[in-house]
Chemist: 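Please find one structure pasted underneath; my questions will follow.
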Amino acid sequence: MDWTPIIPAAELTIGILAVIVVDLVGRGRHPWLTTGVALLALAGAAASAVLQPTLEVTDGAQTVLGVLQLDQFSVVFTVFCCVTGFVTILATVRGEAFKTPGGEFLVLILSAVLGMNLLAMSVDLVALYLAFELVSIPGYVLVAMRRADARSNEAGVKYVLFGAVSSAILLYGLSLLVGFAGGTSLAALGEAVAGGAVTTQPLWIVACVMVFAGFAFKVSAVPFHFWAPDVYAGAPASVAGFLAVASKAAGFIALIRVVGAVVGPAVPVAPDALTAFLPEGGALITIIGIAAILTMTVGNLAALRQTEIKRLLAWSSIAHAGYLLLLLTVWSEQAVAALLFYLIAYLFMNLAAFLLAGIVIRERGSGELSALRGFGRRNVGLSLAFAIVLFSLTGLPPFFGFAAKLQLFYVVFERGYVWLGVIGLVNGVISLYYYARVLSSLYFQDGESDAPVMRLSTFDAVFCTLLVVPILGLGLFWSGAWHWAQAVAEDLPLVMGVR
Amino acid sequence: MLTLTTLVFLPLVGMLLCAVLPSKHARVINIATSALVLVVAVLLWIRMDPDAAGYQFQEFAAWLPGVVSETGIQYYVGIDGIGMSLVLLTAFVSLTAAIASWNIEKQPKGYHMMFLLLLTGMLGVFVALDLFLFYVFWEVMLLPMYFLIGIWGGPRRQYASIKFFLYTLFGSVLLLAGVILVVLKTQSWSIPEVTEMARNAVAFGNTGGVLGDSALCLAAFIGMFIGFAVKVPMFPFHTWLPDAHVEAPTPVSMILAGVLLKMGGYGLIRIAYPFFPQAAVACGLVISILSVIAIVYGAFVAMAQTDFKRLIAYSSVSHMGFVTLGLAAMTAQGINGAMYMMLAHGTISAMLFMIVGVIYDRAHHREIAKFGGLAWVMPKYFILASLAFFFSLGLPGGSGFIAEIVTFVGAFAGPYRTLAIIALLGIVITAAYYLRTLQRVFLLDTPEVYKDKAKFPDVTGRELAVLVPLLVVTVYMGIVPSTAMDLYHGFIHETLVPLLEQASELGAK
Amino acid sequence: MSDATLQTLCFVVLAAPLLGFALQYTLGRRLAKGGDLLTIGAIGASLVCSLLIAYEALQGGAEFTKTFGPWTWLQVSETSTWTIGITLDGLTAVMLVVVTLVSFLVHVFSTAYMKGDPKYGLFFAWLQLFSFSMLVLVLANNLLHLFMGWELVGLCSYKLIGFWSEKPAPCNAARKAFITTRIGDLGMMLAICILGGAVGSFEFEAIFAAAARGDIAEPWLLLAGLGLFMAAAGKSAQLPLHVWLPDAMEGPTPVSALIHAATMVAAGVYLIGRMAPMLTPDVMVVIATVGAMTALVAGLIAMAQNDIKRVLAYSTVSQLGYMFLGLGVGAWHAGLFHLTTHAFFKALMFLGSGSVIHGCHHEQDMRKMGGLRKKMPITAWTFLIGVLAIAGVPWITSGFYSKDGILSGAYGVNPLLFWIGLGGAVLTAFYMMRLYVMTFEGEPRDAQVHDHAHESPKAMTVPLIVLAALTLIIGPLAWHTLMLAPPTGVEPAALWATLQSLEAEHHHAGTVMWMAIAAGIGGLLLGWLVFHTRREKLAALKAPLAPLENAFANKFWFDELYDAVLIRPAYALGRAFKVLDERVVDGLVNLVGRGGVTTGDVSGAHDRGVVDGLVRAIGHACQRLGGVFSALQSGRVRLYLSISVGALALALLLEHLL
Amino acid sequence: MSLAFLPDLSGLIPELIFYGLAAMTVLAAIGAAVAPKIVHAAFGLMAAFFGVAGLYAMLGADFVAFSQIIVYVGGILVLLVFGVLLTARTEASLGLERPLRRAFALTTGAVLFFVLAIAIDSTTFPAATEASEPLPTTSAIGHAFLDPEKMLIPFEVASVLLLAALIGAAYLARRRRSS
Amino acid sequence: MLLAAVGLNHYLLVGAALFCAGLVAVMSRRNAVAILIGIELMLNAANINLVAFDHFRAQIDGQPVIDGQLFVLFVLVIAAAEAAVALALILNVFDTRDRIDVDELDTLKG
């Protein structure tokens, strides 16, 4: 029995327990200690995920532990989630929410990260659903963490109701899948699909729609996106960032696993014709394709009128989910690589964006765009970081966001969906408008003329720099990251187990 | 040290210097850097082998290996006559604009840094031979421009800057779509390589072109064309231009009109036309029609303007119509003329915007109707302004004349003669609005307001330092056109025109 | 003289005024007497060189042709090289002399006429540049080169007409002149485009050769010819582009003499003369017809003008018409000879009128003049010589020779044109006599003007005398000695050859000559009778002729017509396009933007409120609906859930139905 | 004998029980969904839970049926009733549904059911066979939960999930008490 | 016929009915607790499916098929956790507002 795959999970669990114990023993008087323990757990989990010996096995042979499976893919996402959790905790330490996060906060973050870790490895619907809920339930509480704040509470209720309904729909869909597969493992599902008698069944489509609906909630795809702006606006900025990045990434991991099982291994690159119209690959892919277009368009359009920075970023993250769904639509090995690559870019950009928003909200006590006025002169560094992040989110070179989009659209074109790609590209132009509105507030609208120069604390400055520098650095030199993403994606056929 | 890399990244060094040193030095650094760039450009020009075919001063460096193709994306720069002439124009106009920026008082440090960043972007576009590098420079140039208009612009600067940004980005993504298609199908990021493939495709009678599918080629060409046409700007994609120009500060307007608009034409000559010669031939009629509309319609709209700067802006729309008209004719003369029009318009429009800037600095408005009789209070200014006007409307002795004549002859030699004849109308309208403006602004009685010598001094030395060099170059180019034409005609005669001719023969079959 | 010397002379001819302009423009204000001596010296040098060249040309006779260059100017394609160069032949030589001589005299005249003007120096500078441009035009050996001179001439004309640009009238006149001629220039551009494309070079020789070989397709050759004539008509104020010239009289009178009588307006004639070998017979017919019509119409208008300069202006238009008539009917020599003679006597009359205006303290209305002969004898006598010349008084005046040549030419080709021309000749003599009588003879009609009138200083009278002398001698002298060489290097077109033979046949044929003499003398006498001797008795005729006179006085409403048909519509179009651009073209862009935002509002309805979004989307038209939709007020969990689940159900239903 | 003419319904007893349970479950569920009073809805839910438990039993899932009753009826339902009692102090706070909204909901529900019913009717599950004779499951479930190759990991994860939920809920509730 | 063999589809139909009933509750209810009731109905619908699929599968080696049942047991746990957290959140809001009418949760809007 090889227990290697669950070492990070075990570390996180130990971290959770340690935090509880330290918090209880210290009666909550040593917040730094608990925070340290939590950070240590995250760092340890990330480190052991990276150092797992299976990575040396080049043919991708994975250790299967019942419902879990270890592959490069899961390792990457584990690290991804740990980093996000790490940043979120640090951002919260300095953010506008609480001066020092309590033990509960840390436990919830760690639990959510644990859920993501397991989600990344799940090859069984039971484990998948369980991990999915382990990501969601702490999220509900995290959103409502600012207990005295009515907005925060309200966001929490919205989130939990929406989440629970989606989860129920997902479960219903999964139950049907179990029926088709005759078992709960993805491998069984894949075999059933390969058997061929399944995909033509009417109920199969129902199952696909419902399963996607559940995941759509998690990745905030239209029309299951409604919660996102309200929840992001009500939640502390750092938590919003966590939800936007980690929670969404988790949704995509799960989607990749399920799509992998349902659709099968990567379809070979399309032949010469670059005029493909509707995605092939069955009901699920069609549904995802429609949702992708809707999501990016609605997300971008709705963002146009937002006047509050967190809401704006919420809609922006909805739009980005649309781009990512586009990659699932075209479903190939390259697409998965591009998805991974895009998620990395997305991680830096969104964490930085929410972090910066948090700093502004803390400084000005308001998240309205008008609160940003005059920042261009008051704090050059912060504004510059903001500008870089926003340009990167728009997808302008020489920033990482551009590289990600380039690869994304390259893959979409490669599979022949030129029209899908063009819709996506034009959406990028729309997005410029609202990102530029933020810039406009920062730079073009004069604030109070005698506003003092604002100094960032060293902590904030270093933190911002650490997030922003990769955006620029990887924007200029991204081939390494891309090759790495490709290498990771090459494991994908093995992820499907039986095929 | 005399390399294109030095040339392109010199301004970045200047920018860093600006960032480090106190803001009072910023403008000096800007001018010094721009001057240095001009010197380097001229030295490169001198060292350039006039007879050599292809690109010179090539530099390769691995940058993003293995992206898409084996070699991947490279740092690949090189220059030929076309690029060199535009680099010289860029360096020259930038230097004058840098001098014109002397009296920027709002956040000078930021301004000059943005200015220098812009310079790098512009130079980069003209020397990049890798599609990705080209696109990066192309976009990088947008960012400082956006800030330059948005922060240092006039009252409607927010609207103008975002409009500029959105419009050009819209064009850029279509360009990007085209680039992706090209790279996808050719597996090459190198502009010369793809051009070679296009040439081979045509030579072997392959109607599919570089993309292997003529419909796809057409789509890619249209996408790229719109991308570049927005920059040119071509009717009906021109409406960002009046707003951007009117709101931008004077030096930025100079750069915008003098250099930025040329990138569209450059892109067409360097990328869109050579890559998709057959599609270019197929679209010739539409492009010609749009160009003629731009010329005539632009002139008419200019005539109806009440704002001095808007008038000049629309005159740019009209004049840049010649560029696309010449290109669409696909004859050697036409493309030559288009290229020459870009160079001529570069200096003349910069001069015109400076002229508007001079009076705006003094009067703080640009209403043509409120001016009058300025010739009697500012005689030197009047002389410069009327020269600029006349050169712009195509007076012999100025570069604009050569450009117009060559373009017309070229357009007439091409397939769309009737359209060329209609375009001639633009010349008369142009004369009409320039003379009317000249009269209403400079002649007749001087209103009392402008008689105050203290408030309305004649052009200062600094302003002369901007205007006179531009004027001299305009006249030089008008009298000795072969200097520029011999510099850039290689690519046109040896590569582009044969390619287009073969393509149209192929299309005729 | 060696070719090298000739070439040098040509360069001096060109360089002297250019240098003069540059020095005068930059330093003029600081030089003694405003720099007029410098400019006179420069143009004098030019004149001397021109005379030398002309002498050489005389020596060379009809075959004299020299070409310097061509030097490569720019290479526009591998097959097409554009050159610059100089052509010297009889025509050029004559034009050189005319231009420099008249220019020189005008310079001299201006030193007195413009005295005291605040922009005295500048005036000379522009005169210099004008001379230079005109010389460029004349010396060009190719069409493009000629066109450059042509355009520069236009610029100088603009500057000189609008010399007093503080006042609106000169400004408007200058603008009108520039734009009208530029409309004509479209034709030139067209010709340049056609020839540049078809021939690949603009050298006259090459063009003629190509035309003779039939390299240029027939319709395009015709079009090019018409284009050239259009340009010529613009520059030389032919119908219907003549409207600018009378207005151009707003400029200083020496300018009118130099530009709008002797040189620039003759450039059109020169162009047609120069390009004659490539003109097709159809074009010739057009040229002759337009010329004849112009001669007649301008003559009619001139009869009813009261401004001394305007009469001269219309007379100029009319005379230019004769020149085109001559060229059009193939009387090539006569047409160009008329150009030469006209240059002298019209310059004489313009300068004379300048002298009158100067003497009368800038009074130009003839109705306030009269009886000035006693006050200003030299002016009056020289002016009379001019009148006689233009009327074509036989044998002693130059006008007789040239006009007679034209009429004989026309007679041989087309009687109708001949009769029109002849009618014009009567008119010419008649209104010229009217002008002379109203100004110099009879009783003074305005005491104040008359009392203060005085003879002009020497600087003005001497040029008058010189011109008067030339007017008298040039005709008899030149007609036989200075033979203009026909264009060389080409076989004349067939019709051209016929015309030439016809001309030879009818030349000085008795009938035509006598008819011309009768017309001239008759017109003069009639004028004398009507306006001097029998003025009161003829007043009875005034009433019935009033409508006619009205039409003449209003110049046949050309200006009004243009204003209504061209100018107003053009500006209206401009304004309409402006609105179009702002509302529609840009409006569409903004609409797309706004549409996006509105769609965004709807799609993110719960953010801004469905009510707001919808209401905004339908343009506030249905504000009352707000009450209905308020139930869907924003921010509600259940609404979101309903939408999401509803969408789910819908998706399933659709899947199922499909 | 004398009743021999009557059809033998004994073989139909399972069917009858099924239909009884199904009807009860569905009706109770509908009641829970639409009952005007929240307390009635809670009772409807309870009835539905019992009905579902009965169906489990019929399907041979004895352990699940008991768990259903213990967890749902004993846990979740109690929790919900607490929630109802704590919040629904007055009738006004219940907030009656607007007819339009309810009609929309009912229509959607009906359409969805229609779609699902047709889909179910026309779908065959390849993995499905004839119903098998029920076997005791408790032992198998117990083994599965402790088998690392099966459900051990999810079993442990579930405990972490409960812990997290507990801590979260406690955090929120504690605040409420103290404030 | 109606009373004939009770098969898989019958159970699935019951599940579907429960699911739809839950959805109706979710869509029409204003009371947050009532929405939770609807959610529980939906979860139960899925559970019926899962258990029914177990029942209608071939047993191997005389072992009961319990895949679906295991899933159901986990769902029970999750439902409990979810209900607890949801109720805590709802009560929290109720604490600050005295109402749990979800239609009034509208402070968060553009």
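We name chains A, B, ... by the order of the sequence lines, and we start the count at 1 in each one. From a predicted model like this one, the values you see are computed outputs, not experimental measurements. All heavy atoms count here, side chains included; hydrogens, waters and symmetry mates do not.
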Chemist: By a 4.5 Å heavy-atom criterion (distance strictly below it), what part of A140(D) contacts chain E: side chain, backbone, both, or neither?
Modeler: both

Chemist: Determine, stepwise, if the pair S28(E) / V34(D) fulfils side-chain contact (heavy atoms from CB on, under 4.5 Å).
Modeler: CA-CA 8 Å; S28(E) 64; V34(D) 299; 5.7 Å; no

Chemist: Can you name the closest pair of heavy atoms from L41(E) and A29(D) and give their distance?
Modeler: CD1-O, 3.6 Å

Chemist: Can you tell which of A110(D), G75(D), S67(D), S159(D) has the highest number of heavy-atom pairs within less than 4.5 Å of chain E?
Modeler: S67(D)

Chemist: Please flag which part of F18(D) lies under 4.5 Å from any non-hydrogen atom of chain E: side chain, backbone, both or neither.
Modeler: side chain

Chemist: Counting only heavy atoms not in F43(D), do more than 12 sit closer than 6.0 Å to its CZ atom?
Modeler: no

Chemist: So which part of I48(E) gets closer than 4.5 Å to some heavy atom of chain D, the side chain, the backbone, both or neither?
Modeler: both

Chemist: Select one option (side chain, backbone, both, neither) describing which atoms of L45(D) are under 4.5 Å from chain E's heavy atoms.
Modeler: side chain

Chemist: Quick check for you: among A84(E), A86(E), P64(E), which has the greatest number of heavy-atom pairs under 4.5 Å with chain D?
Modeler: P64(E)

Chemist: Of the backbone (N, CA, C, O) and the side chain (C-beta and beyond), which part of V26(D) lies under 4.5 Å from a heavy atom of chain E, both, or neither?
Modeler: both

Chemist: Name the region of T137(D), side chain, backbone, both or neither, that has any atom closer than 4.5 Å to a heavy atom of chain E.
Modeler: both

Chemist: Please state whether the side chain, the backbone, both or neither of L79(D) comes within less than 4.5 Å of a heavy atom of chain E.
Modeler: both

Chemist: Apply side-chain contact (heavy atoms from CB on, under 4.5 Å) to the pair Q69(E) and Y56(D), showing each step before the final yes or no.
Modeler: CA-CA 9 Å; Q69(E) 296 183 31; Y56(D) 289 165; over 6 Å; no

Chemist: Please rank A169(D), G60(D), G44(D), S139(D) by heavy-atom pairs under 4.5 Å with chain E and give me the top one.
Modeler: A169(D)

Chemist: With a 4.5 angstrom heavy-atom cut-off, could you sort out which part of I66(E) is near chain D: side chain, backbone, both or neither?
Modeler: side chain

Chemist: Given the options I120(D), V71(D), L116(D), which has more heavy-atom pairs under 4.5 Å with chain E than any of the others?
Modeler: I120(D)

Chemist: To the closest 0.5 Å, what do you measure between CD1 (I38(D)) and CZ (R29(E))?
Modeler: 5.5 Å

Chemist: Could you report the tightest heavy-atom contact between H55(E) and M58(D), atom names first, then the distance?
Modeler: CE1-O, 4.3 Å

Chemist: Out of A83(E), G22(E), A17(E), which one racks up the most heavy-atom pairs below 4.5 Å with chain D?
Modeler: A17(E)

Chemist: Which one of G15(E), A52(E), A45(E), G38(E) has the most heavy-atom pairs closer than 4.5 Å to chain D?
Modeler: A52(E)

Chemist: Which residue out of N44(E), L36(E), N9(E) racks up the most heavy-atom pairs below 4.5 Å with chain D?
Modeler: N44(E)

Chemist: If you compare all heavy atoms of G109(D) against all heavy atoms of V24(E), which two are closest, and at what distance to 0.1 Å?
Modeler: CA-CG2, 3.8 Å

Chemist: For residues E40(E) and L80(D), determine if any side-chain heavy atom of one lies less than 4.5 Å from a side-chain heavy atom of the other.
Modeler: yes

Chemist: May I ask you to test the L23(E)-T108(D) pair for a side-chain heavy-atom distance under 4.5 Å?
Modeler: no

Chemist: Tell me, side chain or backbone of L8(E) under 4.5 Å from chain D's heavy atoms, or both, or neither?
Modeler: side chain

Chemist: Tell me, out of L89(E), V85(E), I37(E), L18(E), who's got the most heavy-atom pairs with chain D below 4.5 Å.
Modeler: I37(E)

Chemist: Based on non-hydrogen pairs under 4.5 Å, which of V77(E), V14(E), L76(E) is most in contact with chain D?
Modeler: L76(E)

Chemist: V52(D) vs N47(E), test: side-chain contact (heavy atoms from CB on, under 4.5 Å). Steps then yes/no.
Modeler: CA-CA 9 Å; V52(D) 172; N47(E) 287 352; 5.6 Å; no

Chemist: Could you look at Y11(E) and say if it's the side chain, the backbone, both or neither that has a heavy atom under 4.5 Å from chain D?
Modeler: both

Chemist: Does L87(E) reach the side chain of F82(D), with side-chain heavy atoms less than 4.5 Å apart?
Modeler: no

Chemist: Below 4.5 Å, heavy atoms only, C-beta onward: do V157(D) and F74(E) meet side chain to side chain?
Modeler: no

Chemist: Going through the distances and angles, do I141(D) and L70(E) end up as a side-chain contact (heavy atoms from CB on, under 4.5 Å)?
Modeler: CA-CA 7 Å; I141(D) 287 172; L70(E) 287 171; 4.0 Å; yes

Chemist: Can you tell me how far CG of L59(D) sits from CG of D54(E), rounded to the nearest 0.5 angstrom?
Modeler: 9.0 Å

Chemist: Quick check for you: among A117(D), A144(D), P154(D), which has the greatest number of heavy-atom pairs under 4.5 Å with chain E?
Modeler: P154(D)

Chemist: Closest approach of L162(D) and A81(E), non-hydrogen atoms and distance?
Modeler: CD2-CB, 4.1 Å

Chemist: Decide yes or no for Q68(D) and V72(E): does some side-chain heavy atom of the first lie under 4.5 Å from some side-chain heavy atom of the second?
Modeler: no

Chemist: Sort out for me which of V64(D), I30(D), T25(D), L106(D) touches chain E most, counting heavy-atom pairs under 4.5 Å.
Modeler: V64(D)

Chemist: To the closest 0.5 Å, what do you measure between OG1 (T107(D)) and CE (M27(E))?
Modeler: 8.5 Å

